[in-house]
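Start at 1 and go down the list; that is how both ligands and their atoms are numbered.
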Amino acid sequence: MSKPVILTGIRANNSLHIGNYFGALLPMVDMAQNKADEYQINLFIPDLHSLTADLDYANFQSVILNNLKMYVSAGLPLNKADVYIYRQSFIPAHSELTILLNSFIGMGELSRMTQYKEKSAKFHEDRIPVSLFSYPVLMAADILAYGASYIPVGDDQTQHLEFTRDVAIRINNLFGDIFVVPRPVKQQHALFMKDQGLRIKDLVDPSKKMSKSSESDKGTIFLNDKPEDAYTKIMASTTDSLGVINYDKASQPGISNLLEILSLVSKEPLDQIISSYQGQTSYGEFKKIVAAEVRDFLMKFQSSFDKIDEAEIYDKLKLSEIVMNQQANKTVYRLQKALGLRS
Ligand code: ADP
Ligand code: TRP
């Protein structure tokens with residue numbers, strides 16, 4: 001019996017922030033470190049999906065490499081047999097499967113996708129990229145090609161996961177057992193303990209989550225920020241006029257966010273941090289402590305980033321991509337046979 005597959009794609013970005021790091025990257029690294037005996041772990045860069053948005057083509061290769069280096073700096077093990085890292089465009093089966101699935105998917109269901117509605121709104125109708133429209137089909141192919149059961153993604157992707165399940169069930173009803181149907185999304189959340197839902201807030205407007213798409217970068221700590229700049233951002237963060245430190249997300253969101261950040265970067269449990277600082281009245285002194293810890297955290301992270309051996313990453317990619325091609329081709333072949341394209 002093959003192991004259940006946990007699979008996720010992370011779009012390569014210019015930089016990740018500490019919200020992505022603690023909320024998405026570390027949980028995934030943790031799975032790769034601790035769950036590879038029980039599960040096959042597929043972690044890939046959906047580089048074809050990136051073509052659906054504005055992209056600096058000339059720099060794209062270095063952005064991808066930088067992201068992979070960040071994963072490794074965060075602790076992603078490269079020496080584990082059942083942990084695979086790969087690039088979507090290096091596995092042609094994803095594209096092939098997309099074309100095959102297209103005949104079993106309706107325009108209506110794709111046009112109802114929230115992400116499509118939001119992202120297509122800025123285009124003249126004649127110029128909405130078809131790739132934006134068919135984004136969920138490629139995503140379904142990414143998942144179904146490997147028979148993945150668990151797919152950790154942000155909440156904005158839930159609709160695409162439900163769609164993937166629908167497509168798998170639809171094809172299986174027509175042709176028998178072609179695809180492994182991913183687990184219902186709620187069961188997936190249980191595996192990743194998603195209900196703990198970490199949400200680091202924006203430093204300037206702590207009513208919003210920290211995000212790379214905020215208008216200003218003053219509220220966001222990026223992993224490649226200069227440590228001194230990060231220090232300054234924490235010192236300038238928005239607090240409140242109550243003047244006493246308390247962990248109360250509703251009435252003191254700024255201070256509560258700083259307490260959480262301190263706990264994450266210093267690796268001390270949150271209740272311990274809260275009991276150390278609760279009741280203190282100097283926000284300035286408290287901010288200095290948080291700012292210094294964030295600065296140290298970034299210095300360590302960046303120093304490990306600078307030491308990453310790129311050749312090791314490429315070796316791992318090559319090995320993984322060989323295995324992934326074999327696995328995904330098998331799935332495509334099953335469907336091709338069912339469709340009468342192969343005998
Ligand atoms: P962004 O808003 O920065 O574009 P994404 O929506 O691309 O982030 O999310 C990528 C991953 O990072 C998701 O798994 C998401 O849950 C996680 N994530 C994003 N922002 C935060 C945050 N502020 N705190 C915790 N996790 C976050
Ligand atoms: N659409 C996902 C996002 O924007 C990235 C992605 C592409 C993905 N293919 C996937 C995630 C397959 C999980 C599984 O975050």
Amino acids in close contact with ligand 2, where any non-hydrogen atom sits under 4.0 angstrom away: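 Its neighbours under 4.0 Å (heavy atoms only) are Leu7, Thr8, Gly9, Arg11, Phe44, Pro46, His49, Tyr135, Met139, Asp142, Ile143, Ile151, Val153, Gln157, given by chain and number.
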Is it the case that over 12 heavy atoms from other parts of the model lie below 6.0 angstrom from the CG atom of Asp315? yes
Would you say that more than 12 heavy atoms from the other residues, nucleotides or ligands in this model lie under 6.0 Å from the NZ of Lys80, or not? yes
N/O to N/O below 3.5 Å, does that happen between Ala24 and ligand 1?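 Ala24 vs ligand 1: no N/O contact under 3.5 Å.
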Looking only at distances, can you tell me whether any N or O atom of Val153, backbone or side chain, sits closer than 3.5 Å to an N or O atom of ligand 1? no
Lys288/Glu285 salt bridge by N-O under 4.0 Å criterion: yes
Residues Glu228 and Arg295 bridged, charged N to O under 4.0 Å: yes
Heavy-atom gap His17 to ligand 1 smaller than 4.0 Å: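 Yes, His17 has a heavy atom closer than 4.0 Å to ligand 1.
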Which of the atoms in ligand 1, numbered in the order shown and given with their element, are less than 4.0 Å from a heavy-atom of Gly23?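 The list of qualifying atoms is 25 (C), 26 (N).
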Counting each atom of ligand 1 from 1 as listed, which ones have a heavy atom of Leu198 under 4.0 Å away?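 Every atom of ligand 1 under 4.0 Å from some heavy atom of Leu198: 24 (N), 25 (C), 26 (N).
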Among Asn20, Leu16, Asp156, which one puts a heavy atom closest to atom 9 (O) of ligand 1?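 Residue with the shortest heavy-atom distance to the ligand atom: Asn20.
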Would you say Tyr231 ends up clustered with Leu262 if hydrophobic residues are merged whenever their side chains have heavy atoms under 4.5 Å apart, either directly or through other cluster members?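 The answer is no; the residues belong to distinct hydrophobic clusters.
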Please say yes or no: joined through hydrophobic side-chain contacts below 4.5 Å, possibly via intermediate residues, are Leu7 and Ile322 part of one cluster? no
Verify whether one side chain among Tyr247 and Glu260 offers a donor that lies under 3.5 Å from an acceptor in the other.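 Side-chain D/A pair, Tyr247 to Glu260: present.
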Looking at Phe90, I'd like to know if the NZ or CZ of Arg87 sits under 6.0 Å from its six-membered ring centre while staying within 45 degrees of the ring's axis.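 Yes, Arg87 and Phe90 form such a contact.
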Assess the residue pair Tyr146 and Phe44 against the criterion (ring-ring contact (aromatic ring centres under 6.0 Å, His included)); give the C-alpha distance rounded to whole Å, side-chain angles, the decisive distance to 0.1 Å, and a yes or no. CA-CA 12 Å; Tyr146 306 95; Phe44 74 101; 7.6 Å; no
